[in-house]
S.K.: 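Quick one: this structure, given as structure tokens, is what I'll be asking you about.
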Amino acid sequence: MHRPLDAAPAATVPIGRRAFAAGLGALALPGCSATAVRPGTASAQAACLRPVNVSPDRVIRTVAGLRPYRRSGFVVRREALGDTALIHNYGHGGSGITLSWGTSRLAADLGLPGHQGPVAVLGCGIVGLTTARLVQEAGFPVTLYARELPPETTSNIAGGQFGPSSLFDPEFVDEAWRAQFLAALHYGWRRFQIMVGDDYGIHWTPTYEHSDGTAPNAAMRPFHPNGRVLGPGEHPFPNTHIFAYDTMYAETGRLLRQLMRDVQTAGGRIEVRDFASREQVMALPEKLVFNCTGLGAHALFGDEELMPIRGQLAILLPQPEVTYAYLSGSLYMFPRADGIVLGGTFERGQWDATPQPDAIARILDRHAAVFGTMPCPA
């Protein structure tokens with residue numbers, strides 16, 4: 001019914017880029033059925049949303065990020081490096097923001113019991129920062145080692161929606177991994193809720209996503225409050241059906257800056273340092289090390305399954321009147337205080353994190369085709 005999370009998106013595929021139900025059908029949870037539109041004002045409000053003003057002269061920046069994808073999903077695993085305990089926490093695909101607190105909780109629970117002394121975290125993206133905070137909350141001193149700091153991390157380029165994307169191939173994960181996945185989602189969902197507000201740049205936003213007329217799998221229903229299916233005439237988009245729901249979005253630059261402040265306020269150290277081998281990791285004074293290097297684990301720890309999936313973004317001038325998000329296939333629009341985020345590429349095996357002018361132009365053209373047909377005036 002929905003495309004696999006690892007599949008190359010297409011604009012005509014229902015429950016587009018986020019494809020919540022894909023892979024989760026194997027959880028054997030019932031209830032993939034249509035949800036009726038709630039009576040009242042919801043559909044009337046959806047029918048007249050303010051369109052995005054898509055124009056090349058409104059672009060304020062373009063960026064490209066490399067999603068660290070593994071067909072068997074993220075890794076949370078313990079490994080011995082001599083007398084050093086190494087806890088892996090990487091491979092989040094396009095779900096780094098969504099799963100950051102959740103997999104960091106799994107990793108902390110795997111590494112901290114019985115440990116004494118300081119702790120090292122490799123990587124200063126969202127996963128490294130949330131891991132460091134959980135280590136501190138458990139009462140351990142922590143040092144973050146990273147080659148790059150925000151705003152130079154992949155996490156800064158993320159769109160920031162709470163919703164798993166480009167994460168795994170259902171044929172390559174087992175029940176134990178799926179249980180970890182759902183546990184991580186639930187913990188992250190609760191954790192982000194207590195961070196909502198301007199400090200962390202996290203806000204609830206109504207979201208409209210291309211649908212085949214059915215609601216996502218039952219396992220995902222807790223993450224779609226106010227979920228409802230809208231049919232023709234009940235929304236302004238060029239899709240037959242839309243699944244409307246509310247979810248959280250992060251202004252990633254603000255989120256990462258505040259998490260870095262939190263780590264440092266709690267006494268954590270941040271050291272800019274690159275690692276070229278396992279031996280250099282083993283030489284650290286800390287005897288518990290969390291590996292949150294993302295795509296860097298490909299070279300540092302020899303994970304050949306890791307591959308980059310390039311996503312390119314065009315950021316438009318902010319439009320305060322645009323207070324909703326839209327997704328259809330690979331296409332997505334997220335409104336943020338720092339600009340309107342337009343995405344629309346899913347490029348496997350591309351290691352070059354440089355925006356491509358032709359791809360950016362196609363993203364703008366495709367979004368212009370959507371928002372240029374909306375019935376309400378700009």
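Below, all heavy atoms of this structure are taken into account, side chains as well, without hydrogens, waters or symmetry copies.
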S.K.: Which label fits F74 and W177: parallel for a plane angle under 30°, tilted from 30 to 60°, or perpendicular past 60°?
M.R.: tilted
S.K.: Tell me whether M248 is reachable from L259 by hopping between hydrophobic residues (I, L, V, M, F, W, Y) whose side-chain heavy atoms are closer than 4.5 Å.
M.R.: yes
S.K.: In the single-linkage hydrophobic clustering (I, L, V, M, F, W, Y; side-chain heavy atoms under 4.5 Å), do Y200 and F162 co-cluster?
M.R.: yes
S.K.: One pair to check against side-chain contact (heavy atoms from CB on, under 4.5 Å): T207 and L327. What are the steps and the verdict?
M.R.: CA-CA 8 Å; T207 301; L327 305 93; 3.3 Å; yes
S.K.: Ignoring hydrogens and geometry beyond distance, is a side-chain donor-acceptor pair present between Q193 and R190 at under 3.5 Å?
M.R.: no
S.K.: In this structure, which one of L149, L255, L256 forms a side chain to side chain contact (heavy atoms under 4.5 Å, CB included) with N156?
M.R.: L256
S.K.: R278 and E79: salt bridge (charged side-chain N to carboxylate O under 4.0 Å, His left out), yes or no, with the steps?
M.R.: CA-CA 12 Å; R278 289 171 173 259; E79 178 182 351; 2.5 Å; yes
S.K.: Under the salt bridge (charged side-chain N to carboxylate O under 4.0 Å, His left out) rule, what do R105 and D109 come out as? Steps first, then yes or no, please.
M.R.: CA-CA 6 Å; R105 176 80 273 163; D109 289 345; 3.2 Å; yes
S.K.: Could I get the full list of ring-ring contact (aromatic ring centres under 6.0 Å, His included) partners for W204, not counting sequence neighbours?
M.R.: W189
S.K.: Do S72 and E305 come close enough that some side-chain heavy atom pair is under 4.5 Å?
M.R.: yes
S.K.: Would you call the rings of H224 and Y245 parallel, tilted or perpendicular, taking 30° and 60° as the class edges?
M.R.: perpendicular
S.K.: Passes side chain to side chain donor-acceptor pair (under 3.5 Å), T247 versus Q161? Steps please.
M.R.: CA-CA 8 Å; T247 192; Q161 186 199 44; 5.7 Å; no
S.K.: Have S328 and E209 got a donor and an acceptor in their side chains that come within less than 3.5 Å?
M.R.: no
S.K.: Go through the structure and list residues passing ring-ring contact (aromatic ring centres under 6.0 Å, His included) with Y187, not counting sequence neighbours.
M.R.: none
S.K.: Establish, from distance only, whether the side-chain atoms of E347 and Q312 form a donor-acceptor pair under 3.5 Å.
M.R.: yes
S.K.: Do the ring planes of Y326 and F237 sit parallel (below 30°), tilted (30 to 60°) or perpendicular (above 60°)?
M.R.: parallel
S.K.: Which residue, N291, T293, T103, T130, forms the side chain to side chain donor-acceptor pair (under 3.5 Å) with N89?
M.R.: T103
S.K.: Looking just at side-chain N and O atoms, do Q264 and R261 make a donor-acceptor pair shorter than 3.5 Å?
M.R.: no
S.K.: How about CZ on R147, more than 12 heavy atoms from neighbouring residues, nucleotides or ligands closer than 6.0 Å, or not?
M.R.: no
S.K.: Side chains of S330 and R366: donor-acceptor distance under 3.5 Å anywhere?
M.R.: yes
S.K.: Between E251 and R336, is a salt bridge (charged side-chain N to carboxylate O under 4.0 Å, His left out) present by the stated rule, with each step listed?
M.R.: CA-CA 6 Å; E251 186 181 331; R336 300 194 327 204; over 6 Å; no
S.K.: Ring centroids only, cut at 6.0 angstrom: are H235 and Y208 within range, meaning strictly under it?
M.R.: no
S.K.: Centres of the H115 and F140 rings: under 6.0 Å?
M.R.: yes
S.K.: Under the side-chain contact (heavy atoms from CB on, under 4.5 Å) rule, what do Y249 and H203 come out as? Steps first, then yes or no, please.
M.R.: CA-CA 6 Å; Y249 290 79; H203 300 281; 5.9 Å; no
S.K.: Would you call the rings of F371 and Y324 parallel, tilted or perpendicular if under 30° counts as parallel and over 60° as perpendicular?
M.R.: tilted
S.K.: For P51 versus V322, what's the shortest heavy-atom pair and its separation?
M.R.: O-CG2, 3.9 Å
S.K.: According to a 4.5 Å side-chain heavy-atom criterion applied to Ile, Leu, Val, Met, Phe, Trp and Tyr, with indirect links allowed, do V289 and Y90 form part of one hydrophobic cluster?
M.R.: no
S.K.: Would one find more than 12 heavy atoms of other residues, nucleotides or ligands at under 6.0 Å from atom CD of Q116?
M.R.: no
S.K.: Among V59, I60, L342, I340, which residue satisfies the side chain to side chain contact (heavy atoms under 4.5 Å, CB included) criterion with I315?
M.R.: I60
S.K.: D338 vs R61, test: salt bridge (charged side-chain N to carboxylate O under 4.0 Å, His left out). Steps then yes/no.
M.R.: CA-CA 11 Å; D338 61 336; R61 65 184 181 276; 3.3 Å; yes
S.K.: Answer yes if V63 and W351 sit in the same cluster of Ile, Leu, Val, Met, Phe, Trp and Tyr residues linked by side chain heavy atoms under 4.5 Å apart, and no otherwise.
M.R.: no
S.K.: Other residues, nucleotides and ligands only: do more than 12 of their heavy atoms fall within 6.0 Å of CD on Q280?
M.R.: yes
S.K.: Kindly say whether F243 contributes a backbone atom to a donor-acceptor pair with the side chain of S211 at under 3.5 angstrom?
M.R.: no
S.K.: Is any side-chain heavy atom of H92 closer than 4.5 Å to a side-chain heavy atom of V127?
M.R.: yes
S.K.: Kindly work out whether a path of hydrophobic side-chain contacts (I/L/V/M/F/W/Y, heavy atoms less than 4.5 Å apart) joins V75 to Y69.
M.R.: no
S.K.: So N53 and R58, do their side chains get closer than 4.5 Å, heavy atoms only?
M.R.: yes
